[in-house]
Amino acid sequence: MMRLRLPVRLGALARGLVPLLALCAIFLLSPIPAHAQAQPDLSAAIAKFGNDSFSDTADALTALSATGSPQAAAVVDALAEGRLVVDPATRAVFIRTPSGLTDAATGAAVANPPATLTPVRTNNRVRRSIEAAAGALSLLNPDPAKRADAAAAVFKSRDAAALPTVDAAIAKESVPAIKDALEQARAAILMGKAGVSEADRRLAIQKITARGDQEAISLLRSLPADAPASLKAAAEAGIAKVEQSLKFWAMAQNVWYGLSLGSVLLLAAIGLAITFGVMGVINMAHGEMVMLGAYTTFVVQEIIRRHFPGLFDWSLTIALPLAFLFTALVGILIERTVIRFLYGRPLETLLATWGVSLILQQAVRSVFGPTNQEVGAPSWMSGAFQVGQLSITYNRLWIIVFALIVFFTLLLVLKRTPLGLYVRAVTQNRRMAAAMGIRTGRIDALTFGLGSGIAGIAGVALSQIDNVSPNLGQGYIIDSFMVVVFGGVGNLWGTLVGAFTLGIANKLLEPFAGAVLGKILLLVFIILFIQKRPRGLFALKGRAVES
């Protein structure tokens with residue numbers, strides 16, 4: 001019986017070993033996984049950094065970018081920051097970290113670091129390779145922002161070694177904007193890569209043309225000299241299309257700058273429109289009210305920096321009412337002590353307020369010094385964003401919004417409050433308003449204070465885009481008078497239209513005529529316009545005004 005059972009058992013054992021042996025054979029013959037292969041490639045690439053050769057360093061970076069290893073990214077970052085070092089004796093490569101020295105290939109801490117270490121040298125070629133490698137290694141990063149930055153880096157470097165990684169990233173990308181950036185990077189690589197088919201290069205030209213910026217023009221002009229005539233024609237057509245698009249965006253950018261300048265002129269002129277319209281006073285010290293508002297912002301920020309640094313983002317919100325109150329009080333003081341004795345004598349008010357402006361400028365120089373003062377921007381006013389090829393900064397966007405808020409608030413005050421009713425009555429017919437019991441002298445003081453207060457909050461806004469110095473207001477006083485006269489004396493809607501019209505016209509003329517000649521042409525235009533319409537765009541209605 002035993003002789004019969006043994007062969008049976010051996011046969012069962014053999015049948016059981018067959019699948020096991022097959023599995024072992026499959027495991028032994030199967031290719032090594034990518035992550036297992038990456039380590040030798042990584043070590044070999046890192047070893048090249050020890051050769052002290054720019055060419056070997058660039059080759060090592062190209063090899064690292066193809067591994068996709070997190071340790072490779074750490075090595076590239078260390079090289080970019082000057083933390084990649086070599087032992088001259090052994091040519092071993094290490095990374096300096098805040099906690100000590102680590103092995104560049106493995107990331108393991110080094111217990112006994114060498115006594116002498118030298119940093120891996122870089123030059124312009126190596127720095128370009130660093131950008132390309134960093135971009136390629138970040139293309140598959142889970143963070144969308146890092147993928148977008150990586151795509152931009154690859155677009156600039158145009159490293160052909162990153163092409164496989166770019167293709168893999170395009171296949172996996174789900175964010176349309178990032179995918180478009182990756183496709184642009186791929187097109188940039190194909191534009192200069194040898195051995196690319198004519199059809200692929202034509203698609204690359206179309207993709208680069210769609211980008212529509214100066215870099216696109218540079219890429220299209222870099223087409224190889226031996227490219228077919230049809231490709232050269234497509235590139236020339238793409239260049240013409242991009243240049244036409246850039247002209248449109250340049251005009252749009254100038255219009256945006258004009259709106260920004262118009263909002264500044266509106267803030268500077270709106271208070272002058274009230275005082276000039278109600279009182280007939282040519283106030284040459286109005287610019288100094290703007291300057292005092294800017295210095296109020298500086299003082300508020302200095303106090304916050306020293307005592308309440310956590311409130312810095314609220315500094316402008318705190319400075320606005322303080323600047324309004326301070327400059328309004330200064331304006332009332334000037335009206336009560338100087339201007340009220342000179343009503344009906346416009347030339348003398350001009351000379352007197354000019355003297356007041358010189359006094360205020362010298363007073364500020366004596367207190368704060370003649371140099372520019374630093375006024376910071378809150379975090380919510382910092383930075384910019386793109387709309388096509390149009391760059392919009394947050395500080396100018398907020399100033400436009402702020403100028404419109406001030407305008408409509410003042411309009412509401414003049415239309416819906418007793419003070420506004422009295423101001424409009426005095427503006428239209430001073431004698432009749434006095435006969436009706438309105439204390440015109442008190443209205444003059446309050447109106448002058450209101451106009452000066454608005455100039456003060458204009459200074460708060462201007463502190464974010466201009467130098468805060470004793471001469472700040474002098475740059476806006478003439479333009480403010482031009483806005484008031486062009487729009488219509490005492491008319492707020494005319495001031496609004498005049499400010500934005502002159503602002504946009506000024507910025508559109510600058511590229512062709514220059515800043516100085518552009519202002520001269522605007523001045524000549526306003527002189528001719530006033531000859532035709534002496535009361536401006538929107539003339540005030542009223543018997544006293546029309547007489």
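These numbers come from the heavy atoms of this one structure, side chains and all, not from hydrogens, waters or symmetry mates. Since the model is a prediction, treat every value here as computed from it, not as a measurement.
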Does the Q184 side chain pair with the main chain of R211, one donor and one acceptor, at a distance under 3.5 Å?
no

Do the non-hydrogen side-chain atoms of E198 and P228 ever get within less than 4.5 Å of each other?
yes

Non-hydrogen atoms of S382 and A377 that approach each other most closely
OG-O, 3.9 Å

Do R96 and L117 touch side chain to side chain, with heavy atoms closer than 4.5 Å?
yes

According to ring-ring contact (aromatic ring centres under 6.0 Å, His included), does anything in residues 383-404 pair up with another residue at least two apart or in another chain? List the pairs.
W380-W398, F385-Y394

Any side-chain heavy atom of T296 sitting closer than 4.5 Å to one from V460?
no

Strictly by salt bridge (Lys or Arg N to Asp or Glu O under 4.0 Å), give each pair with a member in residues 173-190 just once, sequence neighbours left out.
R147-E173, D167-R186, D180-K207, E183-K207

Heavy atoms, side chains only, cut-off 4.5 Å: are L101 and P114 in contact?
yes

Please, which pairs that meet salt bridge (Lys or Arg N to Asp or Glu O under 4.0 Å) have at least one residue in residues 72-93, sequence neighbours excluded?
E81-R83

Is any side-chain heavy atom of D479 less than 4.5 Å from a side-chain heavy atom of V264?
no

Side-chain contact test, heavy atoms from C-beta onward, threshold under 4.5 Å: evaluate it for P378 versus L316 and give yes or no.
yes

Using salt bridge (Lys or Arg N to Asp or Glu O under 4.0 Å) as the criterion, list what pairs up with R121, not counting sequence neighbours.
D52

Is a side-chain donor or acceptor of T297 paired with a backbone partner of G293 at a separation under 3.5 angstrom?
yes

Walk me through it: do V406 and I457 pass the test side-chain contact (heavy atoms from CB on, under 4.5 Å)?
CA-CA 9 Å; V406 171; I457 60 178; 3.8 Å; yes

Do any N or O atoms from the side chain of S260 and from the backbone of W256 form a donor-acceptor pair under 3.5 angstrom?
no

Ignoring hydrogens, what is the shortest heavy-atom contact between A216 and G212? Give both atom names and the distance.
CB-N, 4.0 Å

CG of L523 to CD1 of I478: how many Å apart, nearest 0.5 Å?
9.0 Å

Would you check if there is a donor-acceptor pair between the side chains of N395 and T393 at a distance under 3.5 Å?
yes

Looking at CD1 of I239 and OG1 of T209, how far apart are the two atoms once the value is rounded to the nearest 0.5 Å?
8.5 Å

Run R202 and S230 through side-chain hydrogen bond (donor to acceptor under 3.5 Å, both in side chains) and show every step you take.
CA-CA 9 Å; R202 188 179 298 277; S230 59; 3.2 Å; yes

For V497, does its backbone N or O pair with a side-chain atom of T501 as donor and acceptor, under 3.5 Å?
yes

Given F407 and L412, is the side-chain contact (heavy atoms from CB on, under 4.5 Å) satisfied, shown in steps?
CA-CA 9 Å; F407 173 81; L412 187 65; over 6 Å; no

Does any part of the side chain of L462, heavy atoms only, come nearer than 4.5 Å to the side chain of L267, both counted from C-beta?
no

Heavy-atom closest contact (V110 atom, D103 atom, distance)
CG2-N, 3.7 Å

Point-to-point distance, once rounded to the nearest 0.5 Å, from CD1 of I208 to CD1 of I217
12.0 Å

Determine whether S379 and F312 make a side-chain contact, defined as any pair of heavy atoms from C-beta on separated by less than 4.5 Å.
no

What's the spacing between L266 CG and L261 CG if we round to 0.5 Å?
11.0 Å

Atom pair CD1 (I205) and CD (E236), whose distance is rounded to the nearest 0.5 Å
10.0 Å

Give me the atom names and distance for the closest heavy-atom approach of A104 to V75.
O-CG2, 3.4 Å

Please report the closest heavy-atom contact between L502 and L522, naming both atoms and the distance.
O-CD1, 3.9 Å

Provide the closest heavy-atom pair for Q464 versus G376 in the form atom of the first, atom of the second, distance.
NE2-O, 3.2 Å

Could you walk me through whether E243 and R221 satisfy the salt bridge (Lys or Arg N to Asp or Glu O under 4.0 Å) test, starting with their C-alpha distance in whole Å, then the side-chain angles of each, then the deciding distance to 0.1 Å, before giving a yes or no?
CA-CA 12 Å; E243 287 178 343; R221 285 176 176 164; 3.1 Å; yes

Would N51 and V86 count as a side-chain contact (heavy atoms from CB on, under 4.5 Å) here? Give the steps.
CA-CA 9 Å; N51 296 338; V86 177; over 6 Å; no

Residues pairing under salt bridge (Lys or Arg N to Asp or Glu O under 4.0 Å) where one sits in residues 499-513, two or more places apart or in two chains, turn out to be K507-E510

Inter-residue atom distance Q373.CD - S469.OG, 0.5 Å rounding
9.0 Å

Quick note, salt bridge (Lys or Arg N to Asp or Glu O under 4.0 Å) partners involving residues 462-477, not counting sequence neighbours, are none

Walk me through it: do N254 and W249 pass the test side-chain contact (heavy atoms from CB on, under 4.5 Å)?
CA-CA 9 Å; N254 286 330; W249 285 112; over 6 Å; no

Does a sphere of radius 6.0 Å around NZ in K232 hold more than 12 heavy atoms from other residues, nucleotides or ligands, not counting ones at 6.0 Å or beyond?
yes

